[in-house]
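Since the structure comes first, as structure tokens, the remarks are kept for the end.
None of these values were measured; they are calculated from a predicted model. Residue numbers start from 1 in every chain, and the chains themselves are labelled A, B, ... in the order their sequence lines are given, proteins ahead of strands.
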Number of protein chains: 2
Amino acid sequence: MNNRVNSEFSSVGGWAKRCYFAGRALMETTLRPYDLGSTQWYVLWHLATNGPTAQRDLVRLLDLERATLSGIVAALVRKGLVDQSAGGKDQRQRTLQLTEAGKTLWSDLPDLHFIHDAAFGDIDPADLAIAIRVLQTATGRLHDLLGKGNNE
Amino acid sequence: MNNRVNSEFSSVGGWAKRCYFAGRALMETTLRPYDLGSTQWYVLWHLATNGPTAQRDLVRLLDLERATLSGIVAALVRKGLVDQSAGGKDQRQRTLQLTEAGKTLWSDLPDLHFIHDAAFGDIDPADLAIAIRVLQTATGRLHDLLGKGNNE
DNA sequence: ACATAATTGTTTGGTAGCTAACAAATTAGG
DNA sequence: CCTAATTTGTTAGCTACCAAACAATTATGT
């Protein structure tokens, strides 16, 4: 009787949600001693790996909304981990880079690869590829339906 | 050089996140005219489909934390859509049920099946099954690592 | 019986995400 | 050149999620 809607909740969509939150929870538990959230970690990771970056580029690289990133950057600046400077020729843009404290903290952080490895490490790569393709296709369709086809 | 972490971001985990948020965004856009959020819709759906339910059971049925559901129920009660009564013999428990306004609103809501159908409708069922199995397995591993194996 | 455990719900404070509206700076068009 | 559109970042207000601490109630154990 309620198979139809129930299937929406307990199938790919539902498991995508559960898997996302389970991974995020593990990241946040691991990072809690360092007072960092999961997306804050991604920003630090990018700055540590790729050096100073324009905030406007991070929006696309991390696939967030401007407003979301703005808040996350504000938190990292408040903690003294990231410097947000108005440097360049375009006075609208902000450049983000690690402060000394940010570099020090980054070098102290544990390696988070174990999360990905534990979750997906010994799953058949062919199955992984199929799962990615299914999620990617579904995401594209949903974005299309949402009004703008931003499935690049 | 950054293939390892990058793969964590742009593979199953990353797509699970994008897929979850894309589906949720479409739900919320559809429900915005009715002033309902996606999880609020799930609560109404459950009450409309299964009748009065103990709040404590909904926690498990919708796979949320007590605190999360508490806030969502408070919003629905504030909007006059749900009645939260302290009825039974156990004075701690609350029973939730739709009010008349809640039943009326529910009957006016559009059918959301189109979201699931659009996203997954014409994907090979065998691939869907593999995707579910991958996500389910990964979620179980993550839960285990998080300390308590609640992979029922 | 009575102190202690466990259960149920709420509150507080935090992260992460979105839209909409705004300000400032830059770019385009006429 | 000057107005209008676009880009960039912030703010405000919302949903949804979590953990930790609290109050109230019920269940347990001695």
Side-chain angles (χ1 to χ4, degrees), chain A residues 17-43 53-60 62-79 84-96 143 146-148, chain B residues 17-43 53-60 62-79 84-96 143 146-148:
Chain A
K17 172 181 176 176
R18 281 183 260 265
C19 189
Y20 162 60
F21 278 112
R24 180 172 143 180
L26 192 46
M27 275 188 80
E28 299 198 334
T29 297
T30 308
L31 294 172
R32 201 177 313 280
Y34 305 91
D35 193 28
L36 274 184
S38 56
T39 306
Q40 293 173 20
W41 181 90
Y42 279 115
V43 172
T53 307
Q55 182 166 334
R56 101 163 185 231
D57 292 330
L58 261 190
V59 164
R60 153 175 72 72
L62 298 184
D63 202 17
L64 302 170
E65 289 298 317
R66 276 203 318 287
T68 303
L69 183 56
S70 185
I72 287 163
V73 167
L76 290 170
V77 168
R78 178 174 45 77
K79 294 176 192 173
Q84 183 189 46
S85 59
K89 54 200 68 165
D90 188 335
Q91 281 305 114
R92 291 169 304 186
Q93 293 183 212
R94 303 288 136 110
T95 298
L96 305 177
H143 276 155
L146 206 49
K148 49 195 304 186
Chain B
K17 172 181 176 177
R18 282 184 260 267
C19 190
Y20 163 62
F21 278 112
R24 180 171 142 179
L26 191 47
M27 275 189 80
E28 298 197 335
T29 297
T30 308
L31 293 172
R32 203 178 311 281
Y34 305 91
D35 192 30
L36 274 184
S38 56
T39 306
Q40 293 173 21
W41 182 89
Y42 279 115
V43 171
T53 308
Q55 180 165 335
R56 144 196 123 193
D57 293 330
L58 261 190
V59 164
R60 150 175 75 72
L62 298 184
D63 202 15
L64 302 170
E65 289 297 317
R66 275 204 319 284
T68 303
L69 184 57
S70 183
I72 287 162
V73 167
L76 291 170
V77 168
R78 177 173 46 75
K79 295 176 192 173
Q84 183 188 45
S85 58
K89 57 199 67 165
D90 188 335
Q91 282 305 113
R92 292 168 302 186
Q93 295 185 209
R94 302 288 135 110
T95 299
L96 305 176
H143 276 156
L146 206 48
K148 50 196 303 186

Within the 4.0 Å heavy-atom criterion, would you say Arg66(B) contacts the bases, only the backbone, or no part of the nucleic acid? base
Closest approach of Ala86(B) and Gln91(B), non-hydrogen atoms and distance? O-OE1, 3.7 Å
Send over the distance from Leu76(A) CG to dT15(C) C1', rounded to a whole Å. 12 Å
Specify the separation, in whole Å, of atom CZ of Arg60(A) and atom C1' of dG9(D). 17 Å
In Å and rounded to the nearest 0.5 Å, what is the CZ to OH distance from Arg18(B) to Tyr20(A)? 11.5 Å
Watson-Crick or G-U wobble partner of dT12(C), both distances under 3.5 Å: dA19(D)
Can a side chain N or O of Thr68(B) be found less than 4.0 Å away from OP1 or OP2 on dC18(D)? yes
Does Arg92(A) contact dT8(D) through a side-chain donor or acceptor facing the base, at a distance under 3.5 Å? no
Can you tell me if Gln93(B) touches the phosphate of dT10(C), counting only side-chain N or O atoms and a distance under 4.0 Å to OP1 or OP2? no
Distance, rounded to the nearest Å, where Asp57(B) contributes CG and dT8(C) contributes P: 8 Å
Are any of Ser38(B)'s side-chain N or O atoms less than 4.0 Å away from OP1 or OP2 of dT15(D)? no
Do Met27(A) and Tyr42(A) have side chains that get closer than 4.5 Å, going by heavy atoms? yes
Go nucleotide by nucleotide along DNA chain D from the 5' end; which of Lys89(B) and Gln40(B) gets its closest nucleotide reached first? Gln40(B)
Which heavy atom in Gln84(A) sits nearest to a heavy atom in Leu96(A), and how many Å separate them? CG-CD2, 3.7 Å
Among dA25(C), dG9(C), dT26(D), which nucleotide has an atom closest to any side-chain atom of Gln91(A)? dA25(C)
Per Arg56(B) side chain, nearest of listed nucleotides dG17(C), dT8(C), dA19(D): dT8(C)
For Phe21(A) and dC18(D), give me the distance from atom CZ to atom P, rounded to whole Å. 7 Å
Please give, in whole Å, the distance from dT10(C) P to Arg94(B) CZ? 6 Å
Looking at every strand, decide which applies to Thr39(B) at a 4.0 Å heavy-atom threshold: base, sugar-phosphate, or nothing. sugar-phosphate
Between Asp35(B) and Gln40(B), the two heavy atoms sitting closest are O-OE1, 4.0 Å
Look at all strands and tell whether Leu64(A) reaches a base, only sugar-phosphate, or nothing, counting heavy atoms closer than 4.0 Å. sugar-phosphate
Can you find a side chain N or O atom of Tyr42(B) that sits less than 4.0 Å from OP1 or OP2 on dC17(D)? no
Where is the tightest heavy-atom contact between Gln55(B) and Ser70(B), given as atom of each residue plus distance? NE2-CA, 3.9 Å
Could you tell me whether dA23(C) is syn or anti, where syn means a glycosidic angle within 90 degrees of zero? anti
Using atom CG of Leu96(A) as one end and atom C1' of dT8(D) as the other, report the distance to the nearest whole Å. 12 Å
Nearest-nucleotide comparison on DNA chain C, the residue closer to the 5′ end among Arg78(A) and Asp90(B): Asp90(B)
Lys17(A) has its side chain closest, among dC17(D), dG9(C), dG17(C), to dC17(D)
In this structure, how many angstroms lie between the P atom of dT15(C) and the CG atom of Asp35(A), rounded? 7 Å
Think Lys79(A) has a side-chain N or O under 4.0 angstrom from the OP1 or OP2 of dT15(C)? yes
For the side chain of Ser70(A), starting at C-beta, report the closest nucleotide among dT11(D), dG9(C), dC18(D). dT11(D)
Give the minimum heavy-atom separation between Ser38(A) and Arg24(A), together with the two atoms involved. OG-CG, 3.7 Å
Taking the side chain of Ala67(B) as its heavy atoms from C-beta onward, which of dT11(C), dT10(D), dT15(C) lies nearest to it? dT11(C)
Would you mind pulling out the nucleotide paired to dT26(D), Watson-Crick or G-U wobble, both distances under 3.5 Å? none
Nearest whole Å is fine: how far is dC18(C) C1' from Leu26(B) CG? 14 Å
Out of dT15(D), dC18(D), dT19(C), whichever nucleotide has its closest atom nearest the side chain of Glu65(B): dC18(D)
Counting the atoms with a prime plus P, OP1 and OP2 as sugar-phosphate, which does Ala25(B) contact under 4.0 Å by heavy atoms, base, sugar-phosphate, or nothing? nothing
